[in-house]
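Structure, as structure tokens:
Atoms within each ligand, like the ligands themselves, are counted from 1 in listed order.
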Amino acid sequence: MRVILGVGGGIAAYKSCVLASSLVKAGHDVYAVMTESATQFVGPLTFRALTGNPVGVYIADEPMGPLSHVKLAHWAHALIVAPLTQDLLARLSLGLSSDLLGLVFQGFSGPSLMAPAMESEMWFSPQTRNRLDELKTEREITLVGPNTGRLASGLTGSGRMAEPEEIMEGLWMMLRPKTLQGRSVLITAGPTWEHFDPVRILTNPSTGIIGSLLARELSARGAEVRVIHGPRVEEKPCPRVQYVGVVSAVEMLEAVRHYIDQVDTVIGAAAVSDFRPLHPCLQKQKKQHIDLNWAMKTNPDIMGEIGTKYRHSKVLIGFAAETDNVIVAARDKLQRKHLDAIIANQVGTDSGFGEGQYKAAIIGSDDDAVDLHIMTKDQLASQVADLLSVLKPKQGIQADV
Ligand code: C5P
């Protein structure tokens, strides 16, 4: 993507150097445009070196050749302003174009991300509120931060510029196509734990990463997302997602039943334990006395139940983690559980779980020939989001079972 990084004159400008570097590392083409006061905190040469592109400050500067303000405004996919100082906010919202950043902002019609940074009193002042309201009603603005913490004055309060990684995440969110606006999705994720006693469990190596990445992607596309996840899920909690933690398969089923009426789509990404101890003990069992033939009971099949009951009223997507005959086994589950699509994925000791390589195929109910492909889990999440934009919500009545 082509990004303009507008840098305002505040001490947080030093963090914008890290941001410039992160943007470039993520593959973006970046032009930095600084206010005059920003150059008192960080030199233009720093941004020149980090972005590899000339830096503009004044109206007459030509980082992109003659008429740079017009060229930059037409060139960019996104504009970031970090730090957004109170003075810069006022100037941008009033449409003042006394420097290159003001000019570029007036000419730019795409999405802007603003990361405010100022003392608390300034952030909460009526002037700031008014300027911000005005800007947000007139322009497509995403605000990231400010955070609460130690401010330049040494006082603690709201007004710290968001960290570069939060701004990167905000930019990513802002630029995702909003193809799932109005959709509501329930995702099961991670493993379940089935207790034998308080210190012994039956579980599997699932980390819940797929479920978390799906939640992040679908919410960035505009969907409302709730994740029902098992214990120890390595999720990067996404502020736009609702999380419900459970332990066992039975608890997961109860949670799914509880929330299902609120959604049009269910994605079963959890690796649910197939069995649980028939008689779990409340006290730790001494190992000398443990019966190695501990009686087990089959767990409820959550997606199986949901498929039987909701196949006509909800979009249902499952996962099938298999070591062999992956596609055949996945197709069988697709039909047996009445799903609209299933993600077949190969699991083994070095693939499938956690950060390992991911080999998968998305199979729809009408798909004939499909092959497994190596992909990242991010790519899979994006492909599932594309599929969901095609699988529209169903209007059918739920089965009475
Ligand atoms: O474990 P299995 O391969 O049958 O999983 C296929 C799909 O069914 C997955 O989407 C999984 O989340 C779901 N499932 C479930 N409840 C179970 C077992 C599997 O919801 N008890």
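The list of side chain to side chain donor-acceptor pair (under 3.5 Å) pairs with a residue in residues 276-291, not counting sequence neighbours, reads Arg276-Asn299. Applying the side chain to side chain donor-acceptor pair (under 3.5 Å) rule to pairs touching residues 75-93 yields Gln86-Ser125, Gln86-Thr128, Asp87-Arg91, Arg91-Asp99, Ser93-Arg131, sequence neighbours excluded.
At distances below 3.5 Å, at least one donor-acceptor pair connects side-chain atoms of Lys178 with backbone N or O atoms of Ala220. A distance-only check finds a donor-acceptor pair linking the side chain of Arg139 to the backbone of Phe105 [under 3.5 Å].
Of the residues Arg240, Arg216, Arg176, the one that meets the salt bridge (Lys or Arg N to Asp or Glu O under 4.0 Å) test with Glu169 is Arg216.
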Check ligand 1 for N or O atoms under 3.5 Å from a protein N or O and list each pair with its distance.
{"from": "ligand 1", "atom 1": "3 (O)", "to": "Lys333", "atom 2": "NZ", "distance (Å)": "2.4"}
{"from": "ligand 1", "atom 1": "4 (O)", "to": "Lys337", "atom 2": "NZ", "distance (Å)": "2.9"}
{"from": "ligand 1", "atom 1": "8 (O)", "to": "Lys337", "atom 2": "NZ", "distance (Å)": "2.9"}
{"from": "ligand 1", "atom 1": "10 (O)", "to": "Gly268", "atom 2": "O", "distance (Å)": "2.5"}
{"from": "ligand 1", "atom 1": "10 (O)", "to": "Phe319", "atom 2": "N", "distance (Å)": "2.9"}
{"from": "ligand 1", "atom 1": "10 (O)", "to": "Phe319", "atom 2": "O", "distance (Å)": "3.4"}
{"from": "ligand 1", "atom 1": "12 (O)", "to": "Gly268", "atom 2": "O", "distance (Å)": "3.2"}
{"from": "ligand 1", "atom 1": "12 (O)", "to": "Ala270", "atom 2": "O", "distance (Å)": "2.7"}
{"from": "ligand 1", "atom 1": "16 (N)", "to": "Ile302", "atom 2": "N", "distance (Å)": "2.9"}
{"from": "ligand 1", "atom 1": "20 (O)", "to": "Ile302", "atom 2": "N", "distance (Å)": "3.4"}
{"from": "ligand 1", "atom 1": "20 (O)", "to": "Met303", "atom 2": "N", "distance (Å)": "2.8"}
{"from": "ligand 1", "atom 1": "21 (N)", "to": "Pro300", "atom 2": "O", "distance (Å)": "2.8"}

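By the side chain to side chain contact (heavy atoms under 4.5 Å, CB included) test, Ala76 pairs with Ile4, Phe108, sequence neighbours left out.
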